[in-house]
Amino acid sequence: MKKIFVDDKRNLDEAIKSGYICVQSYKNCIMLLSIYKKVDIINLDYDLGGQETGLDILIYMKGNNIEVKEIYIHSTHLEGVRKMEKYIKANFKDVKYLYCLIVSN
């Protein structure tokens, strides 16, 4: 099972324990997606500390036909969450989606 967790600031220990491959940037996530082409779960933050966001990852996935079964968003950036949700509903109709707030330590 391929699971990717993308966050630039949170402690990734719990995600790693849960079997995620963890990356901290848009660039590293795109590199993984270009290799895998198919993932079971992607867990995204909106703000990734640079110009690109979690929404840009979703746009890349759609534009490059990356298959995904489940998308989770764990961002506290509410406007970004709204944009990502809107994009998911329009472009990933058969994909399970969940917003979950992760309390950072």
Side-chain angles (χ1 to χ4, degrees):
M1 177 178 280
K2 293 183 183 96
K3 302 184 333 182
I4 299 174
F5 190 94
V6 186
D7 197 300
D8 67 317
K9 291 187 179 177
R10 286 181 177 83
N11 182 318
L12 303 174
D13 291 344
E14 288 301 315
I16 292 168
K17 287 179 190 174
S18 297
Y20 281 94
I21 298 166
C22 298
V23 294
Q24 294 183 300
S25 69
Y26 168 87
K27 182 180 175 181
N28 289 340
C29 182
I30 297 310
M31 181 185 66
L32 281 179
L33 291 171
S34 69
I35 293 168
Y36 292 147
K37 305 284 188 212
K38 204 184 271 195
V39 294
D40 295 297
I41 300 170
I42 190 159
N43 197 320
L44 298 168
D45 189 10
Y46 177 78
D47 185 2
L48 300 175
Q51 186 173 349
E52 291 92 358
T53 66
L55 177 59
D56 293 307
I57 292 171
L58 292 171
I59 292 168
Y60 173 87
M61 291 173 66
K62 177 66 177 173
N64 290 277
N65 299 313
I66 304 296
E67 293 181 38
V68 62
K69 293 179 184 174
E70 299 177 25
I71 300 170
Y72 301 150
I73 297 174
H74 62 264
S75 182
T76 57
H77 189 291
L78 296 182
E79 182 58 32
V81 169
R82 285 196 265 297
K83 290 177 185 178
M84 291 171 76
E85 286 179 335
K86 183 177 179 181
Y87 192 82
I88 290 166
K89 288 176 184 174
N91 294 284
F92 294 92
K93 294 180 178 168
D94 297 326
V95 174
K96 179 181 174 186
Y97 161 71
L98 179 65
Y99 170 70
C100 49
L101 182 61
I102 297 176
V103 179
S104 187
N105 47 347

Residues Glu79 and Arg82 bridged, charged N to O under 4.0 Å
yes

Hey, are the side chains of Val23 and Leu32 touching, using non-hydrogen atoms and a 4.5 Å cut-off?
yes

Qualifying ring pair (Phe, Tyr, Trp, His ring centres under 6.0 Å) pairs, either residue in residues 34-65, two or more places apart:
Tyr46-His77

Do Lys83 and Thr53 touch side chain to side chain, with heavy atoms closer than 4.5 Å?
no

Got Asp56 and Ile30 here, is their nearest side-chain heavy-atom distance under 4.5 Å?
no

Give the intermediate values and the outcome of side chain to side chain contact (heavy atoms under 4.5 Å, CB included) for residues Tyr97 and Ile73.
CA-CA 8 Å; Tyr97 161 71; Ile73 297 174; 3.5 Å; yes

Exactly one of Asp13, Asp7, Asp8 should register a side chain to side chain donor-acceptor pair (under 3.5 Å) with Arg10. Which one does?
Asp7

Minimum heavy-atom distance Gly54-Leu44, with the two atoms named
O-CD1, 3.9 Å

For the student: nearest non-hydrogen atoms of Ser34 and Met31, plus distance:
OG-O, 2.7 Å

Could you give me the CA-CA distance, side-chain angles and deciding distance for Val6 and Leu48, then say whether side chain to side chain contact (heavy atoms under 4.5 Å, CB included) is met?
CA-CA 8 Å; Val6 186; Leu48 300 175; 3.7 Å; yes

Using the test ring-ring contact (aromatic ring centres under 6.0 Å, His included), find all partners of Tyr87 that sit at least two apart in sequence or belong to another chain.
none

Starting at CE of Met84, measure out to OH of Tyr99 and round the result to the nearest 0.5 Å.
10.5 Å

Rounded distance (nearest 0.5 Å) linking atom CD1 of Ile41 with atom CD1 of Ile21:
11.5 Å

Under 4.0 Å between a side-chain nitrogen and a carboxylate oxygen: does that hold for Asp40 and Lys69?
yes

Kindly compute the distance separating CG (Asp45) from CD1 (Ile57), expressed to the nearest 0.5 Å.
9.0 Å

Looking at CG of Leu58 and CD1 of Ile66, how far apart are the two atoms once the value is rounded to the nearest 0.5 Å?
12.0 Å

How about Tyr20 and Leu12: do any of their side-chain heavy atoms sit closer than 4.5 Å?
no

Nearest-0.5 Å distance, NZ of residue Lys2 to CD1 of residue Ile42:
13.0 Å

CG on Leu33 to OH on Tyr26, rounded to 0.5 Å:
9.5 Å

